[in-house]
Amino acid sequence: MSNAPKFGLNGPQSEAALYLDGPCLVLAGAGSGKTRVITQKIAYMIEDRGYDPRTIAALTFTNKAALEMQERIAKLLKQPKQAKQLTVSTFHSLGVKILRQEAAGVGLKDRFSIMDSDDCYTIVSDLGLTTDKQEIRRIQNAISLWKNGLVDPEEAIRAAQDEDQAQAGRIYRSYVATLSAYQAVDFDDLIRLPVELFRNNEAIRDRWQRKLRYLLMDEYQDTNTCQYELVKLLVTGIGKKPMFTAVGDDDQAIYAWRGASVENIKTLQTDFPDLRVIKLEQNYRSTTRILQAANAVIGNNPKLFEKSLWSEHGLGEPIKVLGMQSDEQEADQIAIMISADHFQRKNKWTDFAILYRGNHQARIIEQALRKERIPYTISGGQSFFDKAEIKDIIAYLRLIANDGDDPAFIRAITTPKRGVGMATLEVLGEFSKQWNCSLFEAALKGGIEGKLADRQLHPLRDFCHFINELESRASRPGPSGSGEHAAEVLDDMMKEINYEHYLYENFDDRAAQGKWQNVMEFTNWLKERGNGGRDGTGEEKNLLELTQMVALMSMLEGKDEEPDAVRMSTLHASKGLEYPHVYLVGVEEGILPHKGDPDDPIEKIAARIQEERRLMYVGITRAQRTLHITWCKKRKRAGELVHCDPSRFIKEMALDEGIAVPLESEVISPRDRLASLKALLNTPKPDAGKLLS
DNA sequence: CGACGCGCCACCTGA
DNA sequence: TGGCGCGTCG
């Protein structure tokens, strides 16, 4: 094979795609075509080098990215169906896949439940050592970091520096015991348990190594210790050449707060001395001016690897920095500018993105967009699967799959109300503790009769029988060999619990209608997957498998063709995406960089600022053609109007060198807003948008 | 037992 | 600002 550029890739891209002689690290700057490298590489492996697609795994961090990658690979293959044989998934989905097959090896039944962070919050809270919300969050966070760092409870307790940490460690110990009693795992376990399994069981590890011979990882800079360990266990074996490609950008590492460590990039070089390192520095996304600003900002961070982005696109329009009087004015202003640009320059709504640091910043912008009749979609906020009505239904599914899932039991039995209240549940809880069994088992156990009145016992038992029946139908051999069709069981369940009725009883018609619509969308979505549709594998899935899959879904992915709407997103959720016109809002000290705990040691603060700077870098580099950056002199915070200063990152963009121009004067007063908008809509004179362009 | 209402407090990011 | 936790009433 010659190393001449292939597939329309540039030199380094091509080198990265063709290199298969050993481990490979691709340092890919923003917009340098890293996804193309991964997809082309997989296509090359299958088409030109005869790799069996079933032995290739590509790992991403979001379901959306995985889905998109699979689609893109399918388009490159002569036989697009082969793409379905690939493992293209998130780290967490791969974890579920491994655990489902190897459950016994880690002491789980194969129908374990997956707890989301709300469930885990409740577990920590129920351990009863504190009621303070912040404190619980902190402990939850500590537990997550321990798990991701592969620190077990005994180690955590031993290493505690003070009583607070020791207590957190003890809570960690109880928390692990509780999950185990529920036959449940949390998100972190999905990676941690496979690691434990592979470490302790050579034969199982060997089987998975043979199954997954080549590994490709996207966003490698955001892997945590545990994920890296999983990768190492999968790619290293006696007499085996480590075969993988990791693609990442240390300048876009923005998940240290949840345990990711950029150092994993450096460690890769130590752990795999023959690692081939390839840099992608040509950017195909942005104008030169945008890249200059991005380089100027990130230049203030210490460098792990030397690299500098360049672009063949022209200089482009100057970046505009706008200082606003208030957050309200900021929102209105952006809405007006986007509206003007849309109508004057005939840009589609989808060409625009508004990016912000925290979800709470979205509200005021939403209001402004609505006022201007601008369609928008929000990503990175409350997810579809986090909506109460969806979680209600999921609780039933979880309980059907695993009757040891006490949190699901409590949620399902109390929604809709069926005459079982807290008093009954408390008795049941005591009883279950006494007999060391689940709530579900306790309800059916002999001896509980004496502790509950008949009117309390009956609905309880009826409910359990109902669940049992659904369970036996879901797992009875059916058309697919693995149970009755998920769709039928699901339909009957929905009918029986009469959830629609419950919604209309408890919410006003409008709200109920919306919620019911969500539920219908969800159940249809489930049925589609149950029939083997659209998830890439083409395999039928029973209700139990669907339930575990759903737990990992955080965004409504694959929503067939996006509507033409302005995109609103957190900076974190915007990673990997690009837009012709980007508005970066609320770029103020305290927001970006976000103000953290001022009592943190100085090196921690420095690290935090660096991560915030990378976040700013990610934001800037989302833009293809124009970039607006706004900040406010005053902002409403907790109801109070407070003074704000522009972010230090704005100064770092080298404003005086013509990269960015401050535009403080170009603000339209609210009074003129309507008039100017009308003018724009009715008589689009070339000059009308002068203030705005 | 559960619905409703008042008052307090916090607003980071996410698989 | 709004969500939610606690108290009281039906």
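In what follows, chains are A, B, ... by sequence order, proteins preceding strands, each numbered from 1.
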- Message: Let's see if you can work this out: which of B/dA15, B/dC12, B/dG14 has an atom nearest to the side-chain heavy atoms of A/A573?
- Response: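 Nearest listed nucleotide: B/dG14.
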Could you pull out all residues at least two apart from [X] that satisfy salt bridge (Lys or Arg N to Asp or Glu O under 4.0 Å)?
| X | answer |
| --- | --- |
| A/R357 | A/E612 |
| A/D118 | A/K391 |
| A/R138 | A/E135 |

- Query: Which whole-number value in Å describes the distance from A/Q140 CD to B/dG14 P?
  - Reply: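 Rounded to the whole Å, the gap is 15 Å.
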- Query: Given atom CG of A/N224 and atom C1' of B/dA15, what is their separation to the nearest angstrom?
  - Reply: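 Whole-Å distance recorded here is 11 Å.
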State which residues pass side-chain contact (heavy atoms from CB on, under 4.5 Å) with [X]; sequence neighbours excluded, sorted by chain then number.
| X | answer |
| --- | --- |
| A/S89 | A/L59, A/T87, A/S93, A/L94 |
| A/N300 | A/R613, A/E652 |
| A/K634 | A/L641 |
| A/A66 | A/T60, A/V88 |

- Item | Electrostatic pair A/E611:A/R614 at N-O distance under 4.0 angstrom |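 Judged by the 4.0 Å cut-off on N to carboxylate O distance, A/E611 and A/R614 do form a salt bridge.
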- Item | Contacts of type side-chain hydrogen bond (donor to acceptor under 3.5 Å, both in side chains), residue A/D222, not counting sequence neighbours |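 With neighbours one apart ignored, the set is A/K575.
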- When the C1' atoms of C/dC4 and B/dT13 are considered, how many whole Å apart are they?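 Result for the C1' pair: 22 Å, nearest Å.
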- Message: Any side-chain N or O of A/T570 below 4.0 angstrom from OP1/OP2 of B/dC12?
- Response: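 No, A/T570 has no side-chain N/O under 4.0 Å of OP1/OP2 on B/dC12.
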- Whichever of A/Q456 and A/L615 has its nearest DNA chain B nucleotide further upstream toward 5':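 Here A/Q456 is the residue nearer the 5' end.
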- Task: Sort and list the pairs that fulfil salt bridge (Lys or Arg N to Asp or Glu O under 4.0 Å) and have at least one residue in residues 93-103 of chain A, not counting sequence neighbours.
- Result: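 Every salt bridge (Lys or Arg N to Asp or Glu O under 4.0 Å) pair that includes a residue of residues 93-103 of chain A, provided the two are not neighbours, is A/E102-A/R207.
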- Message: Of all nucleotides in DNA chain C that come within under 4.0 Å of a heavy atom of chain A, which is furthest toward the 5' end and which toward the 3' end?
- Response: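 Result: C/dT1 to C/dG2.
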Dump the pairs, protein N or O against N or O of nucleotides 3-11 of chain B, anything under 3.5 Å, distances to one decimal.
from	atom 1	to	atom 2	distance (Å)
B/dC11	O2	A/H360	ND1	2.8
B/dC11	O2	A/H360	NE2	2.5

- Consecutive Watson-Crick or G-U pairs in runs of at least 3, all under 3.5 Å, in which DNA chain C is involved: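 Ordered by first number, the stems with DNA chain C (at least 3 consecutive pairs each) read B:1-9 with C:2-10.
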